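One structure below.
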Protein chains: 2
Amino acid sequence: MSEGHTDVTTDPLVSCAEDCGVRDVQDRLGDKWTVHVVVELAPGPRRFRELQRLVTGVSQRMLTLTLRRLERDGLVSRTVYPTTPPQVEYALTETGHSMTHLIGQLVDWSLDHRAVIARAREEWDTRTTA
Amino acid sequence: MSEGHTDVTTDPLVSCAEDCGVRDVQDRLGDKWTVHVVVELAPGPRRFRELQRLVTGVSQRMLTLTLRRLERDGLVSRTVYPTTPPQVEYALTETGHSMTHLIGQLVDWSLDHRAVIARAREEWDTRTTA
DNA sequence: CCGGATCCCGTATGATACTG
DNA sequence: CAGTATCATACGGGATCCGG
């Protein structure tokens, strides 16, 4: 399906409503921490504590939840080394790595249109406030 | 910035935490109706009622909210024809159209990895339940 | 036809304290 | 270090009624 899809404007992209798996990806991309975590894991494996330092602002709880969801979907692998103190290493799987390209598209588009969106938003706000 | 970005795994994609505009796009892509609405607007302008029929399951309230947010960000234009009964036409702006390509990437990736994710999820669920 | 106003609920997120 | 448990809160989203 992927290679045959070139013209977005003439193709009913989402003919399936909720059940074609797009929703799941949207949820990941849309939540607050997943993108950051994946980005930090992209260069290589990281330990829990390292991730928490790298992903600024994330709480222990949310980092755990985010990693669990990614692990559940097979995007992140979790390796426990039975040392003292315990040591757990998280790494992107092959599928997880392929997601970084998608995230790259997202980030690129966001940066490319950031200014235009910001300006439109300001304009709209002043127009509706006044 | 976009063309210079080819290797995701060696590039700190999101060095800015919350304030680089990526969050806004994530919110749009992540919410329940925006993607559907944009997809339905991709082929051409639509009236409110048409959209509500096309986007199955959306309530009047959520369709309005979704369109307002898109309009605020300059992704959708709203044209009112002062007829009786009133007639309002929604259309993608140029920026909005460029977003359909991003959505295309999202949908393609989701479909390509749908099976793998679903299997990983099943496996994880049975493993954690047992 | 278009959409604003109101009420209500489930879930995502955050803060904090506690364990192996 | 790497979590888990609990409580509190905010926000998205659904249902419904009303107005231009």
Side-chain angles (χ1 to χ4, degrees), chain A residues 17-18 22-38 40-41 45-73 76-91 124 127-129, chain B residues 17-18 22-38 40-41 45-73 76-91 124 127-129:
Chain A
E18 306 280 325
V22 178
R23 178 76 261 148
D24 298 320
V25 180
Q26 286 186 72
D27 288 339
R28 290 298 111 72
L29 257 47
D31 75 21
K32 195 168 182 179
W33 302 111
T34 295
V35 168
H36 288 289
V37 169
V38 171
E40 295 303 339
L41 284 178
R46 290 290 185 185
R47 296 176 54 183
F48 186 89
R49 206 65 173 119
E50 289 182 305
L51 279 176
Q52 194 173 11
R53 272 190 296 268
L54 291 168
V55 180
T56 40
V58 70
S59 63
Q60 274 197 350
R61 168 188 156 82
M62 287 317 296
L63 183 54
T64 301
L65 283 179
T66 304
L67 287 168
R68 285 292 172 280
R69 294 195 275 239
L70 287 170
E71 192 190 352
R72 184 166 101 104
D73 286 1
V76 159
S77 65
R78 179 174 179 269
T79 310
V80 182
Y81 298 98
T83 61
T84 48
Q87 187 169 333
V88 182
E89 196 175 80
Y90 292 93
W124 197 92
R127 197 171 349 115
T128 53
T129 305
Chain B
E18 307 278 324
V22 178
R23 177 78 261 146
D24 298 321
V25 180
Q26 285 185 71
D27 289 339
R28 290 297 112 69
L29 257 46
D31 75 19
K32 194 167 180 178
W33 301 111
T34 294
V35 167
H36 288 290
V37 169
V38 171
E40 294 303 338
L41 284 179
R46 292 288 185 183
R47 296 177 52 186
F48 187 89
R49 206 67 175 122
E50 289 181 304
L51 278 176
Q52 194 173 13
R53 273 189 296 268
L54 291 168
V55 180
T56 39
V58 70
S59 64
Q60 273 197 351
R61 167 189 155 81
M62 286 318 297
L63 183 54
T64 300
L65 283 180
T66 303
L67 287 168
R68 282 295 169 280
R69 295 194 275 239
L70 287 170
E71 191 191 353
R72 184 166 102 103
D73 287 0
V76 159
S77 66
R78 178 173 180 270
T79 311
V80 182
Y81 299 99
T83 60
T84 49
Q87 188 169 334
V88 182
E89 194 175 82
Y90 293 93
W124 197 92
R127 196 167 356 111
T128 52
T129 306

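Protein chains get the first letters and strands the later ones, always in sequence-line order, with residue 1 at the start of each. None of these values were measured; they are calculated from a predicted model.
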**Prompt:** Checking all strands, does A:Tyr81 fall into the base, sugar-phosphate, or nothing category for heavy-atom contacts under 4.0 angstrom?
**Reply:** nothing
**Request:** Please report the closest heavy-atom contact between B:Met62 and B:Thr66, naming both atoms and the distance.
**Result:** O-OG1, 2.7 Å
**Prompt:** Does anything in residues 54-70 of chain A pair up under salt bridge (Lys or Arg N to Asp or Glu O under 4.0 Å), and if so which pairs, sequence neighbours excluded?
**Reply:** A:Asp31-A:Arg69, A:Arg68-A:Glu71
**Request:** Return the value, rounded to whole Å, for the distance between atom CZ of B:Arg23 and atom C1' of C:dA12.
**Result:** 12 Å
**Complete:** Between B:Thr34 and B:Arg28 the two heavy atoms that sit nearest each other are CB-O, 3.3 Å
**Asked** Can you check the A:Phe48 CZ to C:dG20 P distance for me, whole Å?
**Response** 18 Å
**SB check B:Arg23 B:Asp27 (cutoff 4.0 Å)** = yes
**Nucleotide C:dT13, atom C1' - distance to CG of A:Leu63 in whole Å** = 14 Å
**Asked** Which part of the nucleic acid does A:Ser59 contact within heavy-atom distance under 4.0 Å: base, sugar-phosphate only, or nothing?
**Response** nothing
**Message:** Could you tell me how far apart B:Lys32 (NZ) and C:dT11 (C1') are, to the nearest whole angstrom?
**Reply:** 12 Å
**Item:** Integer-rounded Å distance: C:dG3 C1' and B:Glu50 CD
**Value:** 17 Å
**Message:** Quick check on DNA chain C: between A:Pro86 and A:Gly30, whose nearest nucleotide comes earlier from the 5' end?
**Reply:** A:Gly30
**Message:** If I take atom CG in residue A:Leu67 and atom P in nucleotide C:dA12, what distance separates them, rounded to the nearest angstrom?
**Reply:** 16 Å
**Item:** Interatomic distance, A:Arg69 CZ vs C:dA12 P [rounded to whole Å]
**Value:** 6 Å
Side-chain donor-acceptor pairs under 3.5 Å in residues 46-53 of chain A, sequence neighbours left out?
unit_1	atom_1	unit_2	atom_2	d
A:Arg49	NH1	A:Gln52	OE1	2.9
A:Glu50	OE1	A:Arg47	N	2.8

**Request:** Return the value, rounded to whole Å, for the distance between atom CZ of A:Arg61 and atom P of C:dT19.
**Result:** 18 Å
**Message:** Of all nucleotides in DNA chain D that come within under 4.0 Å of a heavy atom of chain B, which is furthest toward the 5' end and which toward the 3' end?
**Reply:** D:dG13 to D:dG20
**Message:** Testing the basics here: between A:Tyr90 and A:Leu41, what is the closest heavy-atom pair and its distance to 0.1 Å?
**Reply:** O-CD2, 3.4 Å
**Prompt:** What are the two closest heavy atoms between B:Leu29 and B:Val35, and how far apart are they?
**Reply:** O-CG2, 3.9 Å
